[in-house]
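Structure first, commentary second.
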Amino acid sequence: MCAIGRGLMSNPELLLVDELSLGLAPVVVDLLVRIITKIHQEKNLTILLVDQDVQTALDITRRAYVIENGRVVMEKESGLLKNDPEIKKAYLGL
């Protein structure tokens, strides 16, 4: 939260959030998700989220990119990507 606050101090046009959920308790991740969603809505700020928690990332984003071996292999609206059979199998364990 401190890093997000420091990032916002310069009134950016883009906020890059890398591994929002890494090593955090689920309750803290939920809080951070609510905070960045609120920041996006209230400040109309573009947020680029990089995270391995695919479910959470797809839940809170509009557009998503799948990167494998350093290359973008798929990009779609998050809702469409979330329902893609390949994504379900490879990343969501469904």
Side-chain angles (χ1 to χ4, degrees):
M1 285 187 271
C2 183
I4 292 171
R6 284 181 35 210
L8 292 171
M9 288 175 64
S10 65
N11 198 25
E13 293 180 23
L14 170 73
L15 182 65
L16 172 59
V17 179
D18 185 23
E19 296 295 347
L20 178 73
S21 63
L22 185 65
L24 299 176
V27 68
V28 176
V29 174
D30 291 342
L31 175 62
L32 287 173
V33 164
R34 287 194 307 271
I35 288 169
I36 65 168
T37 300
K38 186 175 180 180
I39 290 167
H40 168 70
Q41 292 168 346
E42 290 181 1
K43 292 187 162 285
N44 196 29
L45 178 65
T46 300
I47 299 174
L48 175 61
L49 173 66
V50 179
D51 208 309
Q52 291 184 22
D53 182 350
V54 177
Q55 186 71 48
T56 298
L58 292 176
D59 284 345
I60 65 172
T61 57
R62 288 190 208 158
R63 188 150 205 83
Y65 300 81
V66 177
I67 300 173
E68 288 180 1
N69 300 319
R71 298 193 185 275
V72 176
V73 295
M74 191 179 296
E75 59 100 4
K76 294 182 183 179
E77 290 179 19
S78 297
L80 294 175
L81 204 55
K82 189 175 180 178
N83 293 316
D84 186 288
E86 288 180 50
I87 298 301
K88 284 183 173 182
K89 182 179 178 185
Y91 299 100
L92 300 176
L94 302 174

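Side-chain atoms are counted along with the backbone in the values below, which use heavy atoms only and exclude waters and symmetry mates. Note that the structure is predicted; figures quoted are calculated from it, not measured.
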| request: Please examine the side chains of R6 and C2, heavy atoms only from C-beta on, and report whether any two atoms are closer than 4.5 Å. | output: yes
| message | Which heavy atom of E77 sits nearest to which heavy atom of R63, and what is that distance? | response | N-NH1, 3.3 Å
| Expected output: side-chain S78 to main-chain T61 donor-acceptor under 3.5 Å | yes
| message | Counting only heavy atoms not in Q52 (residues, nucleotides, ligands), do more than 12 fall under 6.0 Å from its CD? | response | no
| query | Are V29 and L31 grouped together when hydrophobic residues (ILVMFWY) are joined by side-chain heavy atoms under 4.5 angstrom apart? | reply | yes
| request: Kindly check if the number of other-residue, nucleotide or ligand heavy atoms within 6.0 Å of CG (N44) is above 12? | output: no
| Would you say I36 and L32 make side-chain contact, with heavy atoms under 4.5 Å? | no
| said: Contact between K88 and D84 at the side-chain level, heavy atoms closer than 4.5 Å - yes or no? | reply: no
| note | Value for CD1 (I87) from CG (L58), rounded to nearest 0.5 Å, stands at 7.5 Å
| query | How many angstroms lie between CZ in R34 and CD1 in I60, if you round to the nearest 0.5 Å? | reply | 12.0 Å
| request: Applying side-chain contact (heavy atoms from CB on, under 4.5 Å), run through L8 and L45 and close with a yes or a no. | output: CA-CA 10 Å; L8 292 171; L45 178 65; 3.6 Å; yes
| task | Decide side-chain contact (heavy atoms from CB on, under 4.5 Å) for H40 and R62; before the verdict, give the C-alpha distance in whole Å, the side-chain angles of both, and the deciding distance to 0.1 Å. | result | CA-CA 12 Å; H40 168 70; R62 288 190 208 158; 3.0 Å; yes
| request: Kindly indicate, with the supporting measurements, whether the criterion side-chain contact (heavy atoms from CB on, under 4.5 Å) is fulfilled by K38 and K43. | output: CA-CA 8 Å; K38 186 175 180 180; K43 292 187 162 285; over 6 Å; no
| Looking at residues at least two apart in the chain, or sitting in another chain, which of them share a side-chain contact (heavy atoms from CB on, under 4.5 Å) with V73? | V66, E68
| field | Contacts of V17 that satisfy side-chain contact (heavy atoms from CB on, under 4.5 Å) - sequence neighbours left out | value | L15, L20, I47, L49
| query | Would you say the side-chain atoms of D51 pair up with the backbone N or O of S21, donor to acceptor, closer than 3.5 Å? | reply | yes
| With a 4.5 Å limit on heavy-atom distance, are the side chains of V50 and I67 in contact? | no
| In terms of hydrophobic clusters joined by side-chain contacts under 4.5 Å, are L22 and L24 together? | no
| said: Between V54 and K82, does the side-chain contact (heavy atoms from CB on, under 4.5 Å) criterion hold? Intermediate values first, please. | reply: CA-CA 9 Å; V54 177; K82 189 175 180 178; over 6 Å; no
| field | In one Ile/Leu/Val/Met/Phe/Trp/Tyr side-chain cluster, 4.5 Å: I4, M9 | value | no
